[in-house]
Number of protein chains: 2
Amino acid sequence: MNIQAFSARTGISAHTLRYYEKIGLLRRVQRLPNGHRNFSEADLRWIEFVQRLKDTGMPLEQIHHYADLREAGDNTLAERQQLLEDHANHLRESIAQQQQHLDKLNDKIALYRSAVKRGRLSCPRLPQPA
Amino acid sequence: MNIQAFSARTGISAHTLRYYEKIGLLRRVQRLPNGHRNFSEADLRWIEFVQRLKDTGMPLEQIHHYADLREAGDNTLAERQQLLEDHANHLRESIAQQQQHLDKLNDKIALYRSAVKRGRLSCPRLPQPA
DNA sequence: GCTTGACTTAGAGTCGACTCCAACGGCTAA
DNA sequence: TTAGCCGTTGGAGTCGACTCTAAGTCAAGC
C-alpha cells in the first residue's frame, strides 16, 4: 500500500504519516526498491490503535512510549496492561465529566428556549407590575 | 476580588486570566483606583461558563464569538441558543464516540489480562502440541 | 526612606501537533 | 526527451493556547 492509499484508508494525511514515522510512532515501514513506503495490514492495525489512543487524549509522546514497550517484547506485557488500564480509567472519568458538562449545557439551553419566547434572558425576581 | 483570589476560585492562573482579558473573553473587568483588577461574582459565573465551553472542546475563538453575541444584547438570543445547541449536539456525539473507544480499549485490556498470565500476547491458531 | 511583594503592561517564548516548502528522484506517456 | 506525477528528505513555518520576561507602579511595613 503506498502512502496515498494508506492515507485514504486511515484518514491521516501523507504529511502526518511521514511525521509519525519521523517521531517513531510508525516503525520499520517496508520500502520498495525506489524508496517509496509500502504499508502493510499490520501497519494499518497499529495506526488504528494509535488513532484510538490519540483520539482519547493520549499525547503522542506517551503513545511513543507504548510503542517502545511493544518493541521491547513480551516482558513488557504487564507494563503495557497497566498503561492501558490507567488510560481507560482517565477516559472513564473524562466521559463522566463530559456528561456532566452536557447536562449543565442542556439546562442552559432550556433557559434560552424560554428566553427566546419572551425576547429576553433575565428572569425578574418579582412579578411584573400589573 | 483581586487576580490571585479570582485565580484561586477558578483554578485559572493569573497569567491566563490576563490573557483571556487581552483576547476579549473577559470584558469590562472593574479596576481599583490603583489599576488593579477587581473581579466580581458575575465575572466568576461567566468564566465558569467559559471553562465549561472550553473543557468540552470549544475553541477560544468561538467562545469569543459567543461573548460578542452576549454583549450585543437580547436580539442575539436565538443565535446564542443555536450555537449552544450545535455545541451540545457535537458533545453528545463526542461522548458516544469516546464511549466506543473505551469499550474497544477494555477489549484490548482483557486480551492483555490473559496474555500477562500466559506471558505472551499472541494467540496461537492451533492447540499446543501435547 | 527603603525594601518587599502584588499588581500592571507589551511583547517574546514555549509546546504539541501538525503542515508546508524546496530540492530532488524515478516512472510513464506523448 | 521532456513534462507531469508521485514519491523522497530535512528543515522551516503555523496554529491554538498558553506562559513567561522585563520593566514599571504602588502600598504597606520596618
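First the proteins, then the strands, lettered A, B, ... as listed; each starts at 1.
- Residue pairs meeting the ring-ring contact (aromatic ring centres under 6.0 Å, His included) criterion with at least one partner in residues 67-89 of chain A, sequence neighbours excluded, do not occur; the list is empty.
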Open item on the list: What does the B/S/- profile of nucleotides 9-23 of chain D look like, 5' to 3', with a 4.0 Å heavy-atom cutoff to protein?
Closed with: B-B-----BBBBB--
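- A straight line from CD of B:Gln30 to P of C:dC7 spans 18 Å, rounded to a whole angstrom.
- Put simply, CG on A:Asn2 is 12 Å from C1' on D:dC5, counting in whole angstrom units.
- Rounded to a whole Å, the CG atom of A:Leu17 is 16 Å from the P atom of D:dC6.
- Nucleotide C:dT8 holds its C1' atom 16 Å from the CG atom of B:Leu26, rounded to whole Å.
- Whole-Å rounding puts the B:Phe39 CZ to C:dA6 C1' distance at 14 Å.
- B:Ile3 comes within 4.0 angstrom of the backbone, heavy atoms only, and of no base.
- Considering only residues two or more places apart in sequence or on other chains, B:Tyr112 meets the ring-ring contact (aromatic ring centres under 6.0 Å, His included) condition with none of them.
- B:Glu93 is linked by a side-chain hydrogen bond (donor to acceptor under 3.5 Å, both in side chains) to nothing, counting only residues two or more places apart in sequence or in another chain.
- Counting only N and O atoms by type, the side chains of A:His65 and A:Glu61 include no donor and acceptor under 3.5 Å apart.
- If you measure from atom NE2 of B:His36 to atom C1' of C:dG5, you get 10 Å, rounded to the nearest angstrom.
- Residues that satisfy the side chain to side chain contact (heavy atoms under 4.5 Å, CB included) test with A:Ser94, not counting sequence neighbours, are A:Gln98.
- The distance between atom CD of A:Gln51 and atom P of C:dC18, rounded to the nearest whole Å, is 10 Å.
- Proximity of A:Gln4 to the phosphate of D:dC6: no side-chain N or O atom is located under 4.0 Å from OP1 or OP2.
- Checked against side-chain hydrogen bond (donor to acceptor under 3.5 Å, both in side chains), B:Glu21 has the following partners two or more places apart in sequence or in another chain: B:Arg31, B:Arg37.
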